[in-house]
Amino acid sequence: MKNTLTVAICDRDNYFSEGIKYALRDYFHQKGQSVIFVTSHSATAPADLVFAAAPDSRRARYCYVASTATCNTLFFSIRKKTNCYQTYLTTCQREAGTLYRSGGPAAIYRMLDRALAANPKIRFRNSCALCTSSKLTQRELEVLHYLREGVSQAETAEHMQLSVKTVNTHKQSAMRKMDLRRKHDFIHWLMCRE
């Protein structure tokens, strides 16, 4: 393992993030390694470890953010432990562990020990089946393109020579794959896209 590790913590709870930083510094200091914290993870500046807030009732999909440049990155989900349904969530193959907000530094240490002992040189060549099944189809992408441009569903149906119901079905399928449950979330997603 490298002497200096790059760690990205993607969480809105700054207090919790600072606690993770403190625990990680202590953990890797005991192992004779230093840690550099970055604000984000990307293919141009990949982090070695990524701790990201994940939806509590839905699966995290790290294959979407991973690339060939980030094949050795270990992803950890940050979740609130609320109900037993979380134990039944299927996980992305790139997820190395789950850190619950109620866990302390000892939980972080145990999780890191397991993840690093399992295989410190993990290489992922393809997306996992879980993430692949959630990829948008060409038709869904086309519908989203028209909707992003401000075209109504009826006009989209006319352009694509489909029924309005079929356009709506493609939209609903895309929303489900992107874990957007409400129309409000979908509209916000459309507005935030470039």
Side-chain angles (χ1 to χ4, degrees), residues 8-13 39-47 50-101 122-194:
I9 300 175
C10 309
D11 188 29
R12 290 184 179 175
D13 185 343
T39 56
S40 65
H41 166 76
S42 67
T44 56
V50 176
F51 291 82
D56 292 326
S57 61
R58 293 173 276 162
R59 61 186 177 242
R61 296 187 195 134
Y62 297 115
C63 290
Y64 284 140
V65 294
S67 68
T68 54
T70 63
C71 61
N72 289 330
T73 300
L74 293 176
F75 291 90
F76 298 91
S77 294
I78 300 170
R79 297 180 186 274
K80 254 190 304 186
K81 190 161 191 158
T82 53
N83 294 324
C84 61
Y85 63 78
Q86 290 172 334
T87 58
Y88 301 110
L89 285 177
T90 52
T91 59
C92 174
Q93 74 173 0
R94 294 178 187 263
E95 186 174 339
T98 300
L99 173 62
Y100 294 104
R101 293 187 187 279
I122 297 173
R123 287 217 173 263
F124 300 103
R125 288 176 176 75
N126 301 314
S127 297
C128 63
L130 176 73
C131 294
T132 303
S133 67
S134 300
K135 289 204 173 171
L136 298 176
T137 65
Q138 189 60 40
R139 279 295 206 194
E140 290 164 349
L141 290 169
E142 194 175 350
V143 166
L144 293 178
H145 169 74
Y146 281 116
L147 295 176
R148 193 178 302 132
E149 296 297 320
V151 179
S152 71
Q153 286 189 44
E155 293 169 328
T156 300
E158 189 176 314
H159 286 294
M160 295 177 68
Q161 298 177 348
L162 300 171
S163 71
V164 176
K165 186 174 180 181
T166 302
V167 169
N168 187 50
T169 301
H170 286 307
K171 181 189 89 168
Q172 294 296 327
S173 176
M175 286 176 62
R176 193 171 37 259
K177 289 177 181 180
M178 294 185 297
D179 287 331
L180 300 172
R181 305 280 168 125
R182 299 176 302 170
K183 186 177 180 181
H184 173 74
D185 294 334
F186 179 68
I187 292 169
H188 178 55
W189 180 86
L190 283 176
M191 291 172 49
C192 290
R193 303 304 289 179
E194 295 173 0

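Each residue takes its place number in the sequence, starting with 1. In this text, all values refer to a predicted model and were calculated from it rather than measured experimentally.
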Participant: I'd like to know if D11 pairs up with R101 as an ion pair, taking the criterion as any Lys NZ or Arg NE/NH1/NH2 lying under 4.0 Å from an Asp or Glu carboxylate oxygen.
Facilitator: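 Salt bridge present between D11 and R101.
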
Participant: Within the side chain of E149, is there an N or O that forms a donor-acceptor pair under 3.5 Å with the backbone of Y146?
Facilitator: no

Participant: Please find the pair of heavy atoms, one from S152 and one from L147, that lie closest to each other, and give the distance.
Facilitator: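 Minimum heavy-atom separation between S152 and L147: C-CD2, 4.4 Å.
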
Participant: Roughly how far apart are I78 CD1 and I9 CD1, rounded to 0.5 Å?
Facilitator: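 Here the rounded value is 7.0 Å.
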
Participant: Just so I know, are the side chains of Y100 and K80 near enough to count as touching, which here means a heavy-atom distance under 4.5 Å?
Facilitator: no

Participant: About how many Å separate OG1 of T98 and CZ of F75, when rounded to the nearest 0.5 Å?
Facilitator: 13.5 Å

Participant: Determine the minimum heavy-atom distance between V164 and A154, stating which atoms define it.
Facilitator: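 That would be CG2-CA, 3.9 Å.
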
Participant: Is the shortest heavy-atom distance from the side chain of L99 to the side chain of F76 under 4.5 Å?
Facilitator: no

Participant: Mark yes or no for whether S77, through its side chain, and A54, through its backbone, hold a donor-acceptor pair below 3.5 Å.
Facilitator: no

Participant: Just so I know, are the side chains of V151 and H159 near enough to count as touching, which here means a heavy-atom distance under 4.5 Å?
Facilitator: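 In contact.
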
Participant: Is Q172 atom CD crowded by more than 12 heavy atoms from other residues, nucleotides or ligands, each under 6.0 Å away?
Facilitator: yes

Participant: If you define the side chain from C-beta out and look only at heavy atoms, does anything of F186 sit under 4.5 Å from L144?
Facilitator: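 In short, these two side chains touch, coming nearer than 4.5 Å.
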
Participant: State the NE2-CG distance between H170 and L141, to the nearest 0.5 angstrom.
Facilitator: 11.0 Å

Participant: So K183 and I187, do their side chains get closer than 4.5 Å, heavy atoms only?
Facilitator: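 Yes - at least one pair of side-chain heavy atoms lies under 4.5 Å apart.
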
Participant: So, do L162 and R139 sit near enough that their side-chain heavy atoms are less than 4.5 Å apart?
Facilitator: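 Yes, close enough: below the 4.5 Å cut-off.
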
Participant: Could you grab the distance from atom CG of N168 to atom CD of Q153, nearest 0.5 Å is fine?
Facilitator: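 One gets 4.5 Å once the value is rounded to the nearest 0.5 Å.
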
Participant: Do we see a donor-acceptor contact under 3.5 Å between the side chains of S163 and T166?
Facilitator: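 Checked: S163/T166 side chains pair up, N/O donor to acceptor below 3.5 Å.
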
